[in-house]
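Each chain gets a letter, A, B and so on, in the order the sequences are listed, and its residues count up from 1. Keep in mind the model is a prediction, meaning the values are calculated, not measured.
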Amino acid sequence: MAVDADVLLDWFSAHGRDLPWREPGCSAWGVLVSEIMLQQTPVARVEPIWHEWMARWPVPSALAASSQGEVVRAWGKLGYPRRALRLHQAAGVIAAEHGDVVPSDVDTLLALPGIGAYTARAVAAFAYGRRAPVVDTNVRRVVARAVHGAGDAGPASNTRDMADVEALLPADDAPAARFSAAIMELGALICTARAPRCADCPVYDECAWQHAGRPEYAGPAKPVQKFAGTDRQVRGLLLDVLRGTEGPVEKAKLDLVWHDGGQRDRCLDSLLVDGLLEQTRDGLFALPGEH
DNA sequence: TAGACGTGGAG
DNA sequence: TCTCCAAGTCT
């Protein structure tokens, strides 16, 4: 059982979304920025911020020339703000060591901060039309169902997951790159986690999950990710105070966002360690580089 | 490799 | 209201 490339590519041509980073004229830098922003973050929230970034920082060196604080502020509420810091660092490396050109080679991309197995191959494929197994959560789910007949993907295994996708990939670069975008899109629009729209699926007839009678997911339970009351929430509240003000703020102002002083201070400290906050000479707190 | 790491919309 | 989940990476 497989996923017919021609059928999938035709479906993608007819139903794929016209996202700005998929425009033919979009730069490799634009693709890279989109990929980082889209990590664990819905398209709808990324689009407006991506446009702002492209207008303000059209090339890596432009971003690298801005302060970390400006970058964190411009990241807004996309979440996981360390991504903004790493992208800023990556831009610096690209500007300084790669002639302001986003690398096209997977291994070179992997060496950049914030770029892992998925993003490196996504940039190689979507920005440069290279043939590379692009494996994200959507692709893992589609493969689990259409190929393996399982209700959902089990725990990730980079080696195995990439081998699965490699086997589906067309031989030539251009169609392989387009196939990568198409299978991701299938997972995002049709073969969704919650309520898959199988009636609209282009590979319904060849789907192993259908042939198996749509069995329930049998793998190990996925860990539920708590948020309320975690350090993640408190860090978010703390950082949001700085995003919402111009200059440095007093600790007293930060003390207002969370009742538990111990947790508050621990989070404040971790933000300093991460470089998302800095302390001024007079003991105030500021976004990095903004004092 | 399990767990940390933000945020907000949908069901 | 509350759980699930959205193009992952790093340690």
Check every strand shown and say whether A:G79 touches a base, only sugar-phosphate, or nothing at a heavy-atom separation below 4.0 Å. base
Given DNA chain C, 5'-ward residue of the pair A:Q225 and A:R86, judged by closest heavy atom: A:Q225
Under a 4.0 Å heavy-atom criterion, DNA chain C is touched by chain A from C:dC4 to C:dC10
A:D105 side chain vs A:D107 backbone, donor-acceptor pair below 3.5 Å: yes
Need one value for A:I115: base, sugar-phosphate or nothing, where a base atom within 4.0 Å counts as base even if backbone is also close, heavy atoms only. sugar-phosphate
Under 4.0 Å, heavy atom to any atom of DNA chain B: which of residues 120-145 of chain A qualify? none
Give me each pair satisfying salt bridge (charged side-chain N to carboxylate O under 4.0 Å, His left out) with a member in residues 214-229 of chain A, each pair once, sequence neighbours excluded. A:D152-A:K222
Between A:R140 and A:D161 (salt bridge meaning N to carboxylate O under 4.0 Å), is one present in this structure? yes
Got a sec? Which of residues 6-25 of chain A come in under 4.0 Å of DNA chain C, heavy atoms? A:R17, A:L19, A:W21, A:R22
Regarding A:D200 and A:H15, is there a side-chain donor-to-acceptor distance under 3.5 Å anywhere? no
Under a 3.5 Å distance rule, please check whether A:D136 uses its side chain to pair with a backbone N or O of A:V139 as donor and acceptor. yes
Which residues share a salt bridge (Lys or Arg N to Asp or Glu O under 4.0 Å) with A:E47, sequence neighbours left out: none
Sorted by position of nearest nucleotide on DNA chain B, 5' first, the leading residue of A:P155 and A:G76 is A:P155
Describe the nucleic acid contact of A:R194 in one word from base, sugar-phosphate, nothing, applying a heavy-atom distance below 4.0 Å. base
Expected output is a numbered-order residue list: members of residues 251-272 of chain A with a heavy atom under 4.0 Å from any atom of DNA chain C. What is it? none
Can you list everything that forms a salt bridge (Lys or Arg N to Asp or Glu O under 4.0 Å) with A:R141? Sequence neighbours excluded, please. none
Just by distance, with hydrogens left out, do A:S67 and A:E290 show a side-chain donor and acceptor under 3.5 Å apart? no
Whether the A:S34 and A:R22 side chains hold a donor-acceptor pair (N or O, under 3.5 Å, no angle test) is what I'd like checked. no
Under the salt bridge (charged side-chain N to carboxylate O under 4.0 Å, His left out) definition, can you give me all pairs with a residue in residues 241-251 of chain A, not counting sequence neighbours? A:D240-A:R243, A:K251-A:D255, A:K251-A:D265
Could you pull out all residues at least two apart from A:A91 that satisfy side-chain contact (heavy atoms from CB on, under 4.5 Å)? A:W29, A:P60, A:L63, A:A64
Let me spell it out: for each of A:A117 and A:T41, pick the nucleotide of DNA chain C with the closest heavy atom. Which residue's pick is nearer the 5' end? A:T41
Report which part of the nucleic acid A:D274 touches: base, sugar-phosphate, or nothing (heavy-atom distance under 4.0 Å, all strands). nothing
Looking only at atom C1', what distance separates C:dA7 and B:dA2, rounded to whole Å? 22 Å
First and last nucleotide of DNA chain B in contact with chain A, 5' to 3', at under 4.0 Å to a heavy atom: what are they? B:dC5 to B:dG11
Counting only heavy atoms not in A:Y217, do more than 12 sit closer than 6.0 Å to its OH atom? yes
Quick one: list whatever passes side-chain hydrogen bond (donor to acceptor under 3.5 Å, both in side chains) with A:S270, sequence neighbours left out. A:R235
Hey, are A:S13 and A:R178 close enough side-chain-wise for a donor-acceptor pair under 3.5 Å? yes
A:T230 near the nucleic acid: base, sugar-phosphate alone, or nothing, with a heavy-atom cut-off under 4.0 Å? nothing
Expressed as a whole number of Å, how far does the P atom of B:dG8 sit from that of C:dT9? 23 Å
Note: A:E35-A:R83 ion pair, threshold 4.0 Å (strictly below): no
Got a sec, which residues hit side-chain hydrogen bond (donor to acceptor under 3.5 Å, both in side chains) with A:R145, two or more places apart in sequence or on another chain? none
